[in-house]
A.B. asks: 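Here it is: the structure, laid out below.
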Amino acid sequence: MKTIIEPFRIKSVEPLRRTTPAEREKYLKDAGYNLFELHSSDILIDLLTDSGTSAMSTAQWAAMMRGDESYAGSESFFRLKKVAEELTGFRHVIPTHQGRAAERILFTVMCREGDVVPSNTHFDTTRANIEFRGSRAVDLPSPEAADTQSRHRFKGNMDVDALEKLIEREGAAKIPLVMLTVTDNSGGGQPVSLENIRAVHKVASRHNIPFYLDACRFAENAYFIHQQEPGLDRLTPKQIAQAMFSYADGCTFSAKKDAFANIGGLLCTNDDRLAQQERNLLILTEGFPTYGGLAGRDLEAIAVGLEEVLDPDYLEYRIASTRYLGRHIADHGVPIVEPPGGHAIYIDAGRMLPHIPRHEFPAQALAVELYRHAGVRGVEIGSVMFGEHARHELLRLAIPRRVYTQSHIDYLVEAILEVAENKEKLRGLRIVSQPEFLRHFTARFEPL
Ligand code: F0G
């Protein structure tokens, strides 16, 4: 059989609420045209994020019942530690309440004012945590990533020459760590090749700089490597994931992505001294090192999820479903970041709406219109989110794991193509109020 099906059946459902265009217009106005301010019950299909929005499996729910809620020495922690150690090879597995908590602890311990932290592309919380420490976050994407339309296989790769030059210019002493985000979320959900991971590891280790993976979507990245990197289809996604981690000195991880959990994160390392400092900070703000801000039942859900996500049937369906959405809109003229990424499709709103200049936020305008037209929520990844650091004006449609079915995806295709038919009529937005930091969460807009 050629049809790729959802490799699960549905045991528990949540109703979706339909709204009228007039209702949505009112909700938009009340929200200051910022979709983070909407109530989720007013959204039909929510593609704001794939983070914490997965459907858990029966095995995960069952495991949660045996959550050991002991303050210290929880059995649930040791179960998670075993799974994480086997997967990543890291000796120290420190649980945190989510990915950014792991980032804050890592950068607090490793970075000083004036330091520089390179990555292929830092995610917004990663960048913000580095900058909050007084260090500088530097993106070194591969040259292929500059053109959203080019169809290279591993557009998430880091530009290794640029990394060498940065180290030469800044001096290794000013670079406390090098990071790679897999998959490259802010760069279009694009994968990083094992060859690039190895090359970055080589450069970093030659200069004695620790190398970390931001491993939020490690399984999707591993599947792309399995599918597309010459000679690597003979390895299972799990073997590839293990190989990816084997080149790193540590990782940050948000269990809200490739562990199908609704909350949770991990900070891992092989460095004993660093781990001790990290645990000290953990106790200060997250909790004791055998729960790190999570309930025992959350630790159980993550432990099961980390194994389920590497199921080749699941990953085949996951990547195929995202590609289906991408191909069906791109082949009908809607420019997306090519090729389709792992967890999301990114519409290149800058290219789609050339009549709306950057400072009038074309991707935000498109996000607003898609909600107004069809009740679908996406998220702007462009000048609203990244300000002057934005490389493109993108509307990300992130697909929650195991949540929506093929007919939902078909509805999305229809909605996006209808919006695209009237794209000349779309107008930009003006910011009327914004906070200093992470402004995309609370900025308010006015239509022009
Ligand atoms: N790193 C990457 C690559 C991410 O995508 C995220 C979160 C984080 C770190 C932080 O993890 O949310 O658990 O604190 N990304 C979500 C998103 C929010 O919508 O892409 P967290």
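Heads up: numbering here begins at 1 and tracks the sequence. Only this structure's heavy atoms are used, side chains among them; waters, hydrogens and symmetry mates stay out. Note that ligands are numbered from 1 as they come in the structure, with each ligand's atoms numbered from 1 the same way.
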A.B. asks: What pairs with Asn185 under side-chain contact (heavy atoms from CB on, under 4.5 Å), at least two apart in sequence or on another chain?
C.D. replies: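 side-chain contact (heavy atoms from CB on, under 4.5 Å) list for Asn185, sorted by chain: Phe123, Arg217, His343, Tyr346, Arg396.
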A.B. asks: Quick one: which residue pairs count as a salt bridge (Lys or Arg N to Asp or Glu O under 4.0 Å) with a foot in residues 80-90, not counting sequence neighbours?
C.D. replies: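 Every salt bridge (Lys or Arg N to Asp or Glu O under 4.0 Å) pair that includes a residue of residues 80-90, provided the two are not neighbours, is Lys81-Glu85, Glu86-Lys238.
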A.B. asks: Using ring pair (Phe, Tyr, Trp, His ring centres under 6.0 Å) as the criterion, list what pairs up with Phe107, not counting sequence neighbours.
C.D. replies: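 Result, ring pair (Phe, Tyr, Trp, His ring centres under 6.0 Å) vs Phe107: none returned.
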A.B. asks: Just checking, is any N or O donor in the side chain of Asp184 or Thr121 under 3.5 Å from an acceptor N or O on the other one?
C.D. replies: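 The answer is yes; a qualifying pair exists.
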A.B. asks: Centres of the Tyr404 and Tyr411 rings: under 6.0 Å?
C.D. replies: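 No, too far apart.
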A.B. asks: When you look for protein heavy atoms under 4.0 Å from ligand 1, which residues do they belong to?
C.D. replies: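 Contacting ligand 1 under 4.0 Å are Thr49, Ser51, Gln98, Gly99, Arg100, Glu103, Phe123, Thr125, Thr181, Asn185, Asp214, Cys216, Arg217, Ser254, Lys256, Lys257, Arg396.
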A.B. asks: Using only heavy-atom distances, determine whether the side chains of Asp271 and Thr269 contain a donor-acceptor pair under 3.5 Å.
C.D. replies: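 No, because no side-chain N or O of Asp271 sits under 3.5 Å from a partner of the opposite role on Thr269.
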